[in-house]
Amino acid sequence: MSQAVSTETQNRLQYSLLSLRLGVFIVMLMWTMDKFINPAHSAKVFEVFYGINSSTMVVYVIGAVQLVLILAFVSGIQKRITYGLIFLLHGASTLAAFGKYLDGFNNLLFFAAWPMWAACLALYLLRDEDVKFTVK
């Protein structure tokens, strides 16, 4: 049995999804900009958390691809793909830091990744309802 959703509820949902999308975008933008501003830091993150040795050029290329992705994400372009990739990438980064959760009180900031991952999932699942300020 389906119930009609009021205009007010629909509007609240759309603004809620917009706020989640913008919040996720802001975090992802900072991670992306770090690749351009401090590529050595990003290379160290790749090495420590993913076991990947990378050059500055590789970090710049990853940053450029990530920038295209997050701009498409925040614009609502190809939501199934962009929201899905954001969910998967953030999930990989969250799970890669698993060791940090075992020493939780010395790594409290890492726990902020979990509600953000939940926001990414909510955005993916509700992507068809996320229409405020998106590209049609």
Side-chain angles (χ1 to χ4, degrees):
M1 174 178 3
S2 170
Q3 294 181 350
V5 177
S6 73
T7 303
E8 180 182 344
T9 299
Q10 188 67 26
N11 200 36
R12 287 180 181 178
L13 175 63
Q14 290 173 0
Y15 276 107
S16 296
L17 294 170
L18 171 63
S19 71
L20 289 177
R21 182 166 27 101
L22 291 174
V24 169
F25 170 74
I26 289 167
V27 173
M28 298 294 286
L29 179 64
M30 293 306 295
W31 290 348
T32 301
M33 296 311 298
D34 184 57
K35 290 172 179 66
F36 295 107
I37 294 168
N38 192 359
H41 173 256
S42 292
K44 179 120 174 115
V45 168
F46 289 144
E47 183 179 340
V48 169
F49 290 101
Y50 306 105
I52 299 170
N53 291 321
S54 57
S55 68
T56 299
M57 184 54 67
V58 169
V59 171
Y60 286 149
V61 169
I62 291 170
V65 170
Q66 189 173 352
L67 183 59
V68 170
L69 173 61
I70 67 169
L71 290 173
F73 166 79
V74 78
S75 301
I77 296 171
Q78 294 291 317
K79 292 179 205 172
R80 177 177 292 278
I81 295 168
T82 58
Y83 289 29
L85 285 173
I86 292 292
F87 172 73
L88 292 173
L89 290 172
H90 184 65
S93 116
T94 300
L95 296 175
F98 188 78
K100 298 292 185 181
Y101 306 120
L102 300 176
D103 187 17
F105 292 106
N106 288 315
N107 296 294
L108 288 173
L109 193 55
F110 280 85
F111 284 87
W114 291 94
M116 183 168 148
W117 197 19
C120 294
L121 177 60
L123 282 165
Y124 181 77
L125 294 175
L126 295 169
R127 64 190 175 274
D128 294 335
E129 304 301 322
D130 185 16
V131 296
K132 284 282 186 217
F133 306 111
T134 60
V135 174
K136 303 288 186 239

Query raised in the report: Which salt bridge (charged side-chain N to carboxylate O under 4.0 Å, His left out) pairs, counting each pair once, include a residue from residues 65-93, with sequence neighbours left out?
Result: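 Not a single pair qualifies under salt bridge (charged side-chain N to carboxylate O under 4.0 Å, His left out).
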**Report entry** Pairs involving residues 108-123, ordered by first then second residue, that meet salt bridge (charged side-chain N to carboxylate O under 4.0 Å, His left out) (sequence neighbours left out)
**Finding:**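 The answer is none; no pair qualifies.
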Which side-chain N or O atoms in residues 19-29 pair as donor and acceptor under 3.5 Å with protein atoms at least two apart or in another chain?
from  : atom 1 : to     : atom 2 : distance (Å)
Ser19 : OG     : Ser16  : O      : 2.7
Arg21 : NE     : Tyr83  : OH     : 3.3
Arg21 : NE     : Asp130 : OD1    : 3.4
Arg21 : NE     : Asp130 : OD2    : 2.8
Arg21 : NH1    : Val74  : O      : 2.6
Arg21 : NH2    : Asp130 : OD1    : 3.0
Arg21 : NH2    : Lys132 : O      : 2.6

Report task. Enter the distance from Ile81:CD1 to Leu69:CG here, rounded to the nearest 0.5 Å. Result ->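 It comes to 10.5 Å.
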Query raised in the report: What is the distance from atom CG of Leu71 to atom OG1 of Thr82, rounded to the nearest 0.5 Å?
Result: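 Leu71 atom CG to Thr82 atom OG1 measures 11.0 Å (nearest 0.5 Å).
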Donor-acceptor contacts under 3.5 Å from residues 89-101 side chains, at least two apart:
from   : atom 1 : to     : atom 2 : distance (Å)
His90  : NE2    : Thr94  : OG1    : 3.3
His90  : NE2    : Ala113 : O      : 2.9
Thr94  : OG1    : His90  : O      : 2.8
Tyr101 : OH     : Thr94  : O      : 3.0
Tyr101 : OH     : Trp114 : NE1    : 3.3

Would you say [X] and [Y] are hydrophobically clustered, going by side-chain heavy atoms of ILVMFWY under 4.5 Å?
X	Y	answer
Ile70	Val61	no
Leu102	Phe110	yes
Phe46	Val48	yes
Val58	Val68	no
Ile86	Val65	no

Side chain to side chain donor-acceptor pair (under 3.5 Å) involving [X] - partner list, sequence neighbours excluded:
X	value
Glu129	Gln10
Asp128	none
Gln66	Thr32, Lys35

Report task. Would you check if the side chain of Asn107 reaches a backbone N or O of Asp103 as a donor-acceptor pair within less than 3.5 Å? Result ->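 Yes, because the side chain of Asn107 sits within donor-acceptor range (under 3.5 Å) of the backbone of Asp103.
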Please enumerate all residues that pass side chain to side chain contact (heavy atoms under 4.5 Å, CB included) together with [X], with sequence neighbours excluded.
X	result
Asn53	Glu47
Ile37	Met33
Thr9	Val5, Ser6

Report task. Report the C-alpha separation of Phe73 and Leu123 in whole Å, then their side-chain angles, then the decisive distance to 0.1 Å, and conclude whether the side chain to side chain contact (heavy atoms under 4.5 Å, CB included) test is met. Result -> CA-CA 10 Å; Phe73 166 79; Leu123 282 165; 3.8 Å; yes
Query raised in the report: Is it the case that more than 12 heavy atoms not belonging to Leu109 sit under 6.0 Å from its CG atom?
Result: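 No, CG of Leu109 has 12 or fewer neighbouring heavy atoms, counting only those of other groups under 6.0 Å.
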**Report entry** For Phe36, the rest of its hydrophobic cluster, which grows through side-chain links under 4.5 angstrom
**Finding:**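 Grouped by the 4.5 Å side-chain rule, Tyr60 form the rest of the cluster around Phe36.
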Requested in this report: If you link ILVMFWY side chains whenever their heavy atoms are less than 4.5 Å apart, which other residues fall into the same cluster as Val135? By chain and number, please.
Outcome: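 Ile77, listed by chain and number.
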Query - Residue pair Lys136, Thr134: steps toward the side chain to side chain contact (heavy atoms under 4.5 Å, CB included) verdict - result: CA-CA 6 Å; Lys136 303 288 186 239; Thr134 60; 3.9 Å; yes
